[in-house]
Every structure is written in structure tokens, then in C-alpha cells.
Amino acid sequence: IRRDGSSKFPEKGRYGIFPAVSSGWNVHNEEFLRGITTISLLKIRGSYGATGNQEGILNFASRRLFGTGFNYFDQPGFALAQIGNQDLKWETTKQFDIGLDLGLFNDRLRFSADHYRKNTSDLLINRPLPRTSGFLTVTQNIGSIEAWGWDFLLGADVFRGKFQWTTSLNVNLYDNKVTALLNDQ
């Protein structure tokens with residue numbers, strides 16, 4: 001379990017808690033597979049975790065900032081340079097993975113398959129503002145993204161010894177979709 005903090009966020013959204021857990025079962029070590037010598041590895045694994053992101057925003061994006069150099073009838077002055085947002089918080093990604101590893105003939109032939117689902121919420125986005133506000137954007141937590149995919153790996157040691165030749169083939173299937181934006185669009 002992680003508890004991360006960042007000064008990029010206001011006090012009420014400064015800290016985020018991000019748990020994770022993973023597990024694996026080495027099935028090839030079980031008694032019912034001991035006599036099968038062709039299987040050198042058979043592992044089932046799974047994991048779930050949450051991570052936080054703060055990289056999409058500038059420092060002090062939550063604060064109202066004033067700047068100098070603004071002229072009004074050729075007179076220097078101060079003016080609001082950034083609106084700020086006291087409701088900012090961590091962008092959060094939750095991911096679930098399940099996988100299988102198989103090794104045959106003393107791992108000379110290897111196969112892996114993984115499936116994952118990833119949901120990101122509270123996206124940190126610079127939302128456009130009407131020009132009449134005097135500002136171009138304000139940083140907000142808006143929207144969510146859903147992603148899922150499959151990863152497959154097939155590998156083989158063609159030659160072992162003084163001369164070694166290893167080959168592998170990877171195939172990835174991936175889908176990514178924006179599930180919500182501003183005002184649940």
C-alpha cells in the first residue's frame with residue numbers, strides 16, 4: 001500500500017492511497033505434475049493494483065497566481081494570472097492482470113499469455129475556457145479511460161551450447177476507449 005503526496009495538489013487532495021496485490025501459483029511444483037517431465041514451468045498469476053498520476057499538470061496548478069507586468073494605460077500592475085482549482089486530486093489508474101506461463105522441454109520452448117483491464121479516472125486535463133473569462137484553460141479532474149488487452153509471447157531456444165540462437169514472437173491486442181469527459185459526455 002502506497003500513500004503518495006504532492007505539492008501540486010491542494011491540501012484536501014494532496015495525498016492518495018494506492019494499494020496493490022499479486023499472487024502466483026507454480027503448478028509445475030505440485031505432486032500431480034511431478035511425473036510429467038516435458039513441462040518445466042507452469043505458472044498461473046494474477047495481480048490488482050492502483051497507481052496515481054500527477055505528471056499531467058504544472059506545479060501550483062491548484063493555486064490562484066498573480067503576476068506582474070500587466071499594463072493598464074501604460075501603468076504597471078498586478079493581475080490574476082492563473083485561476084487555480086482547489087478541487088484537484090490524483091488521477092488514478094486501477095489495473096487487473098491475469099497470466100499464464102508455460103515452459104516445455106527444460107524451458108526450451110516458452111509460452112506466455114496475459115490479459116489486463118485498466119481503468120483510469122479523474123483524468124488531469126487542462127479544460128478550455130471561454131475567451132471572455134480572460135483565461136485559456138483551467139486544470140480539472142475530468143473524465144475516464146478504459147483499456148484492455150492481451151499479450152502473447154512464444155519463445156524458443158533453437159540452439160543451446162557454444163552457439164546460441166533464441167527467437168521469440170510477440171502479439172499484442174489492445175483496445176482503449178474514452179468513457180467520459182466533461183459533464184459526462
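Just so you know, residue 1 is the first one in the sequence shown, and it goes up from there.
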Sub-4.5 Å side-chain heavy-atom contact between Ser144 and Asn119: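 SC-SC contact between Ser144 and Asn119 ruled out.
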
State whether Arg34 and Glu31 are salt-bridged, where the test is any N-O pair (Lys NZ or Arg NE/NH1/NH2 against Asp/Glu carboxylate O) under 4.0 Å.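 A salt bridge is present here (some side-chain N lies under 4.0 Å from a carboxylate O).
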
Any pair with a residue in residues 86-120 that passes ring pair (Phe, Tyr, Trp, His ring centres under 6.0 Å), sequence neighbours left out, goes on the list, sorted by first then second residue, please.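 For residues 86-120, and leaving out neighbouring residues, the ring pair (Phe, Tyr, Trp, His ring centres under 6.0 Å) pairs sorted by first residue read Phe9-Trp90, Phe18-Trp90, His115-Trp150.
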
Show every salt bridge (charged side-chain N to carboxylate O under 4.0 Å, His left out) that has at least one partner inside residues 98-113, sequence neighbours left out.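 Residue pairs with at least one partner in residues 98-113: Arg45-Asp101, Arg110-Asp157.
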
Do the side chains of Ile44 and Val21 join up, straight or via other hydrophobic residues, at under 4.5 Å, putting them in one cluster? no

Examine distances only and state if a side-chain atom of [X] and a backbone atom of [Y] form a donor-acceptor pair shorter than 3.5 Å.
X      : Y      : value
Thr167 : Ala156 : no
His28  : Leu41  : no
Asn85  : Asp87  : yes
Asn141 : Lys89  : yes

Once you round to the nearest 0.5 Å, how far does CG of Leu42 lie from CD of Glu30? 10.0 Å

How long is the span from the CG atom in Leu80 to the CG atom in Leu65, to the nearest 0.5 Å?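 These two atoms lie 8.0 Å from each other.
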
Enumerate, atom names and distances included, each donor-acceptor pair closer than 3.5 Å involving a side-chain atom of residues 49-63, sequence neighbours excluded.
| unit_1 | atom_1 | unit_2 | atom_2 | d |
| --- | --- | --- | --- | --- |
| Asn53 | OD1 | Glu55 | N | 2.9 |
| Asn53 | ND2 | Glu91 | OE2 | 3.1 |
| Gln54 | OE1 | Ser6 | OG | 2.3 |

Quick one: salt bridge (Lys or Arg N to Asp or Glu O under 4.0 Å) partners of Arg131, sequence neighbours excluded?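 Partners of Arg131 by the salt bridge (Lys or Arg N to Asp or Glu O under 4.0 Å) criterion come out as none, since no residue qualifies.
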
Could you go through residues 120-128 and list every donor-acceptor pair under 3.5 Å that involves a side-chain atom there, pairing it with any protein atom two or more places apart or in another chain?
| unit_1 | atom_1 | unit_2 | atom_2 | d |
| --- | --- | --- | --- | --- |
| Thr120 | OG1 | Thr93 | OG1 | 2.9 |
| Asn126 | OD1 | Thr139 | OG1 | 2.6 |
| Arg127 | NE | Gln140 | OE1 | 2.6 |

Arg160, CZ: over 12 other non-hydrogen atoms inside 6.0 angstrom: yes

Can you name the side-chain hydrogen bond (donor to acceptor under 3.5 Å, both in side chains) partners of Asn170, sequence neighbours left out?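 Partners of Asn170 by the side-chain hydrogen bond (donor to acceptor under 3.5 Å, both in side chains) criterion come out as none, since no residue qualifies.
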
